[in-house]
Amino acid sequence: MGISVILQAKAGSDAGYSDAMYVEKGAKVVPSRKVILRTVNILVSIRSGAADIETTKRALNDLKLGSVIIGLMNPYKPADVFAIMVRKKMTAFALELVPRISRAQDVDVLSSIASVVGYKGVLMAASLSKKMFPMMITAAGTVSPAKVFVIGAGVAGLQAIAMAKRIGASVSAYDIRPEVKEQVESLGARFISFDLEVDQVKGEGGYARKMDEDFYRKQRVQMEHIFSESDVVITTAAVPGKKAPILVSKNLLAALKPGSVVVDLSADSGGNCVDAVLGKTITTKNGVIISAPLNVASDIATHASQMLSKNLCNFITHIIKNKHLSLDMDDEVIQNTLIIHQGAFRRNAIIPKKDEGKMLSAKTVFLGFEVITKVPTTLHTPLMSGSNAISGITIVGALVAASGGLGLKGLSHPKTAVRGNILGAIGIAASATGFVLNNLVLIVAGSLVGASGIILTRVMCKAMNRSLANVLFGGVGAVQDLVQDDIYEGKIKSTSAEEVAMLLSTARRVVIVPGYGMAVAGAQSAVRALTELLEKNDITVEFGIHPVAGRMPGHMNVLLAEENISYEKLKDLDQINNSFHNTDVSIVLGANDVVNPLARESSGTPVSGMPILNVDKSRTVIVIKRSLSPGFAGIPNPLFAMENTLMLFGDGKEVIETLVSEYKAL
């Protein structure tokens with residue numbers, strides 16, 4: 001197919017395949033997992049997505065935007081890992097969803113795995129059993145064959161039946177789908193039928209549906225006489241996307257003779273046996289041996305890998321044409337397995353669902369609070385806090401601005417914070433005056449302005465993890481034993497505008513975190529120019545806005561809005577924090593305390609417990625500051641000394657303008 005293949009070193013060693021064997025076939029073996037993830041366009045895995053959430057999340061940190069992922073993904077319920085794939089504009093194929101049709105047999109990974117599991121399950125049972133499986137004629141006479149009962153006649157069950165018969169056991173089997181009777185009997189086993197309603201047992205893809213508890217209760221009752229005759233019970237019943245049904249109850253275990261064996265091959269999906277301990281072999285009080293092995297196919301790693309690799313290779317031929325990804329949406333194999341396409345969900349089952357009931361309840365109970373606090377952040381300014389209540393109060397703000405000489409740029413001045421904090425008191429005073437004068441308009445307007453001012457102050461206090469008195473009257477408290485030299489010495493790495501420009505040229509996603517330093521330098525116009533330049537080169541640019549960045553909530557938003565930077569690009573803490581691990585470069589411009597990891601990792605500091613922007617999770621952090629001087633909290637910032645941080649010292653406006661020039665010169 002002309003595809004370059006990159007393999008992690010020693011990936012196949014446990015299956016008996018050396019690195020040299022892969023190189024001989026044309027693959028490139030690379031020691032570093034990160035290098036592979038950052039290089040490949042298509043990642044082929046065994047388990048990914050919701051089937052191995054933590055490993056997949058780590059991989060997604062390094063995979064490129066728009067990458068393709070193929071593997072077993074447990075695509076039956078929502079998981080945040082799928083949302084990350086969507087945010088990174090990825091395409092994902094879940095191999096559990098390969099349709100059960102003739103032309104898809106060569107890509108049916110589940111059938112390949114099930115064949116191995118059924119085979120190995122019988123060998124496990126034979127090893128644990130105190131009886132020999134075949135009938136044998138010995139010097140001591142004839143030894144009767146072991147009686148094996150297989151529950152579930154899917155691929156694993158049929159393979160178990162065939163293997164048990166092959167080594168001489170007397171085999172019977174049961175499945176709730178009556179149509180498999182012929183397949184069971186064709187392998188030489190006896191099919192067991194029970195008096196149960198089975199009209200609706202067949203589910204999607206030919207699998208058995210999960211039935212209600214009453215069905216399984218009746219089934220267990222009728223199984224008791226079969227269990228009493230059996231030496232070995234092998235269970236294989238699984239339902240895609242659901243916990244395996246409990247088929248072997250305590251009563252059924254009690255019906256088995258001492259020394260009997262139960263091998264639960266559905267342990268990976270929860271198990272069919274009530275007393276099974278997943279991943280272990282135990283013996284009950286009445287001497288029944290119960291084994292519930294996990295990841296059985298890995299015990300036959302050489303052939304399991306061979307079969308899986310063939311399935312994957314066949315699957316790739318469906319999606320790669322002329323060395324390029326080419327999806328035929330009319331192909332049933334692609335239709336079924338494609339769960340995410342270029343950042344869009346295509347399978348409803350994995351789409352995260354909001355708890356609408358709780359949201360509605362919260363909005364009902366706190367309607368007044370929501371009206372004020374949920375107004376877009378661009379309105380959260382001391383000048384316009386009254387407009388958080390109703391749009392009409394904006395007129396009051398305009399009058400205050402006119403009389404006080406405050407323009408939007410006036411937000412850069414520290415005194416603005418004091419004016420904003422006392423807006424609530426002014427509103428309440430106005431309302432009280434309205435009562436005295438019996439002026440309804442003054443009462444209503446004053447109450448609204450006062451309420452919004454008070455809530456605005458509350459929001460700011462909460463965001464800073466500080467008391468109201470502390471915000472209104474002074475500093476953030478005594479600085480603890482944090483010595484700047486201990487944190488910074490020998491760890492600060494300076495950079496240049498030229499080097500940063502080169503970093504940005506290879507980035508796909510950039511987040512800019514503005515702070516008070518941007519306002520002081522008046523760098524917002526230069527920031528807009530940098531943003532436009534990056535976006536022209538297909539780089540995604542967003543802004544991480546802390547609620548109290550600057551001198552008041554909304555300070556940064558207003559300054560950026562003045563430069564016509566789209567509000568859609570401005571993300572608050574909750575919107576941006578979960579995506580920093582997918583960010584190539586974060587630029588911290590004049591912010592300090594709001595990105596200080598001490599708030600998240602330590603106690604006893606002035607910023608402890610304050611929510612921060614997790615810029616340190618980005619691949620590279622560029623901090624633009626005049627010096628290493630501390631922020632308002634008066635403490636050093638370990639972010640500046642981190643391995644992935646580069647310091648670009650200078651005036652914010654001049655540095656950004658130089659950065660724009662260097663980027664254009666590339």
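FYI, side chains are in, hydrogens and waters are out, and symmetry mates aren't considered; it's all heavy atoms of this structure.
Atoms CD1 and CG, from Ile46 and Asp52 in turn, are 10.5 Å apart once rounded to the nearest 0.5 Å. Atom CG of Asn644 and atom CG of Asp616 lie 7.0 Å apart (nearest 0.5 Å). Rounded to the nearest 0.5 Å, atoms CG (Leu65) and CG (Asn582) are 7.5 Å apart. For the atom pair CG (Leu95) and OG (Ser112), the distance works out to 10.5 Å, reported to the nearest 0.5 Å. Here the CZ-OG distance, from Arg528 to Ser566, works out to 14.0 Å after rounding to the nearest 0.5 Å. The CD1 atom of Ile512 sits 8.5 Å away from atom CD1 of Ile624, with the distance rounded to the nearest 0.5 Å.
Considering only heavy atoms from C-beta on, Ser291 comes within 4.5 Å of Leu128 through its side chain. The shortest side-chain heavy-atom distance between Leu60 and Val81 falls under the 4.5 Å cut-off. For the pair Pro245 and Asn272, the minimum side-chain heavy-atom distance is below 4.5 Å. Between Val107 and Thr337, every side-chain heavy-atom pair lies at or beyond the 4.5 Å cut-off. Counting heavy atoms from C-beta on, the side chains of Gln105 and Ser111 never come closer than 4.5 Å. The side-chain heavy atoms of Arg103 and Asp331, taken from C-beta on, include a pair separated by under 4.5 Å. In this structure, Pro597 and Asn637 have side chains that are in contact, with non-hydrogen atoms separated by less than 4.5 Å. At least one side-chain heavy atom of Ile587 sits under 4.5 Å from a side-chain heavy atom of Leu504.
Under the 4.0 Å criterion applied to side-chain N and carboxylate O atoms, Arg38 and Asp584 are not assigned as salt-bridge partners. Salt-bridge check for Asp328 with Lys321: failed, with every basic side-chain N at 4.0 Å or more from each acidic carboxylate O. A salt bridge is defined here as a Lys NZ or Arg NE, NH1 or NH2 lying under 4.0 Å from an Asp or Glu carboxylate O, and Lys57 with Asp80 meets this definition.
Looking only at distances, no side-chain donor or acceptor of Thr583 sits under 3.5 Å from a matching main-chain atom of Val510. No donor-acceptor distance shorter than 3.5 angstrom exists from the side chain of Lys491 to the backbone of Met642, with no hydrogens or angles considered. Side-chain N or O atoms of Ser129 include none that pairs as donor or acceptor with a backbone N or O of Ala125 at under 3.5 Å. The closest donor-acceptor contact from the side chain of Glu96 to the backbone of Met73 lies under 3.5 Å. The closest donor-acceptor contact from the side chain of Gln159 to the backbone of Ala156 lies at 3.5 Å or more, if one exists at all. Listed for the Asn314 side chain is a donor-acceptor partner under 3.5 Å among the backbone atoms of Asp106.
No option in Arg509, Lys569, Arg87 other than Arg509 meets the salt bridge (Lys or Arg N to Asp or Glu O under 4.0 Å) test with Glu542.
Taking a 6.0 Å sphere around NE2 of His581, one finds it holds more than 12 heavy atoms contributed by other residues, nucleotides or ligands. Other residues, nucleotides and ligands contribute more than 12 heavy atoms inside 6.0 Å of the CD atom of Gln575. No more than 12 heavy atoms of other residues, nucleotides or ligands lie within 6.0 Å of OH in Tyr119, so this atom counts as exposed by the packing criterion.
The aromatic rings of Phe93 and Phe315 stand perpendicular to each other, their planes meeting at an angle above 60°, with 30° marking the opposite boundary.
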